[in-house]
Amino acid sequence: MSQSVKRAAGILDSIAAQPKTVAQLAAEFGIHRTTMFRELQTLEQVGFARRRRDGTYAPAFRLAVLGAASLESLDLREAAHGAVRRLHRAVGDTVHVAALVDDEIVYVDKVEDAGRVRLYSRVGSPVRPQCSALGKAILAGLPVTRRDDVLAGADWRRYTERTITTRAALDAELERVARQGWAADDGEFEAVVNCVAVPITSSAGVVGALSLTALRVVHDLGELETRLPLLHETAGRISRELG
């Protein structure tokens, strides 16, 4: 991948998370403001970015259209749609669906209560494979060589005191996940958030995962674990829909 394309992708990820000014983006990517301004102008011209009235840049409508079209092409999102919303009505916690797309794990659906604190996750954004229940639920079902591909670009930084920071530790955790059939994120990316996830399979093997996520003060990990039977039941329904 060329440096300019890679940087453009990074800029779009950054402004999707939060609108930013030229100066903020230049500092984030370590380049001169003039260079960043030219990058943003190019993204504007192709309809991927737009300049807001306050001077910050945000994703433009064309990017949203392309993203929606891409997500609609994913059978997993379509197959999970109804089941995910029934699960959410039953439990109230945030429900995520992630798919294995090439060598990346990506959020493809999310349902959360508008009245609760919004979580960092966004449909279309990548899942951190080593410190998320979704990522671990998928990785545990993959052959080692396939797992290597997914983890090739993993960021092993420590987000909290519970974050797994080495491949050896992750492999040991994935053995446990494979045995028990579900994975957990016990405050590994955000200390105040915990999550449980189960794999979604098709005739091709593991294709994604389904999770329940909650703030620790709302439901701790033990409470989320009591909902695993319902989570497995829902994942099984999605798997049957996939064939």
Side-chain angles (χ1 to χ4, degrees), residues 1-3 5-10 12-13 67 70-80 84 96-110 120-160 162-189 195-213 228 231-232 234-243:
M1 182 184 295
S2 72
Q3 184 62 33
V5 172
K6 185 175 181 180
R7 187 160 62 204
L12 291 173
D13 276 342
S70 176
L71 289 172
E72 286 300 326
S73 71
L74 294 173
D75 290 341
L76 177 56
R77 176 180 169 87
E78 182 179 352
V84 162
H96 289 103
V97 179
L100 179 61
V101 182
D102 297 326
D103 295 334
E104 190 170 45
I105 300 171
V106 180
Y107 292 105
V108 295
D109 204 358
K110 174 183 180 181
Y120 69 91
S121 52
R122 304 189 315 277
V123 172
S125 63
V127 175
R128 293 170 177 83
Q130 79 283 11
C131 57
S132 66
L134 286 165
K136 289 187 281 186
I138 292 172
L139 289 172
L142 296 179
V144 174
T145 54
R146 188 79 174 92
R147 190 184 296 176
D148 290 342
D149 294 336
V150 177
L151 290 171
D155 178 1
W156 296 97
R157 80 178 72 177
R158 183 178 297 280
Y159 293 99
T160 75
R162 295 178 180 270
T163 304
I164 294 173
T165 58
T166 67
R167 177 64 188 270
L170 178 62
D171 283 341
E173 170 74 356
L174 295 178
E175 287 184 16
R176 185 175 67 85
V177 171
R179 286 195 304 270
Q180 67 186 16
W182 59 276
D185 165 8
D186 189 10
E188 295 169 41
F189 176 65
C195 178
V196 292
V198 299
I200 298 171
T201 61
S202 75
S203 57
V206 176
V207 295
L210 175 70
S211 73
L212 292 178
T213 305
L228 280 167
L231 199 60
H232 277 294
T234 304
R237 188 176 297 117
I238 296 169
S239 293
R240 289 191 293 276
E241 185 71 21
L242 287 168

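Predicted model, so just to flag it, every value in this text is computed and none were measured.
For residues 140-154, the set of pairs meeting the side chain to side chain donor-acceptor pair (under 3.5 Å) definition, not counting sequence neighbours, comprises Asp103-Arg146, Arg147-Asp171, Asp148-Arg167.
Residues Thr234 and Leu231 fail the side-chain proximity criterion, which asks for heavy atoms closer than 4.5 Å. Contact of the Leu76 side chain with the Ile238 side chain is registered, since non-hydrogen atoms from C-beta on lie closer than 4.5 Å. No side-chain heavy atom of Leu100 sits less than 4.5 Å from a side-chain heavy atom of Val206.
Listed by chain and number, the residues in a side chain to side chain donor-acceptor pair (under 3.5 Å) with Glu188 are Lys136 (sequence neighbours excluded).
Atom CZ in Arg7 sits 12.5 Å away from atom CG in Leu12 (nearest 0.5 Å). Residue Gln130 holds its CD atom at 10.5 Å from OG1 of Thr166, rounded to the nearest 0.5 Å. To the nearest 0.5 Å, atoms CD1 (Ile200) and CD (Glu241) are separated by 12.0 Å. One finds the CZ atom of Arg240 at 10.0 Å from the OG1 atom of Thr201 (value rounded to the nearest 0.5 Å). Between Trp182 atom CH2 and Arg176 atom CZ the span is 6.5 Å, to the nearest 0.5 Å. Of the inter-residue distances, the one linking Asp185 atom CG with Cys131 atom SG reads 7.0 Å to the nearest 0.5 angstrom.
Shown here for Ala140 and Val177, the closest heavy-atom pair between the two residues is CB-CG1, 3.6 Å. The heavy-atom pair separating Ala133 from Ala184 by the smallest distance is CB-C, 3.8 Å. What you find for Trp156 and Leu170 is that their closest heavy atoms are CH2-CD2, 3.7 Å. Across Ser211 and Ala197, no two heavy atoms sit closer than the pair CB-CB, 3.7 Å. Closest non-hydrogen pair, Pro129 versus Ile105, comes out as CB-CD1, 4.2 Å. Here the closest non-hydrogen pair linking Ala80 and Val97 is CB-CG2, 4.2 Å.
Checking side-chain atoms of Ser202 against main-chain N and O of Leu242 turns up no donor-acceptor pair under 3.5 Å. Side-chain N or O atoms of Thr163 include none that pairs as donor or acceptor with a backbone N or O of Thr165 at under 3.5 Å. A donor-acceptor pair is defined here as one N or O able to donate and one able to accept, closer than 3.5 Å; no such pair exists between the side chain of Arg162 and the backbone of Gly187. Using a distance-only test at 3.5 Å, with no hydrogens or angles considered, no donor-acceptor pair links the side chain of Thr213 to the main chain of Cys195.
Counting non-hydrogen atoms of other residues, nucleotides and ligands closer than 6.0 Å to CG of Asp102 gives a total of 12 or fewer.
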Full working for side-chain contact (heavy atoms from CB on, under 4.5 Å) between Val127 and Ile138:
CA-CA 11 Å; Val127 175; Ile138 292 172; over 6 Å; no
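By the 30° and 60° cut-offs, the orientation of the rings of His96 relative to Tyr107 is tilted.
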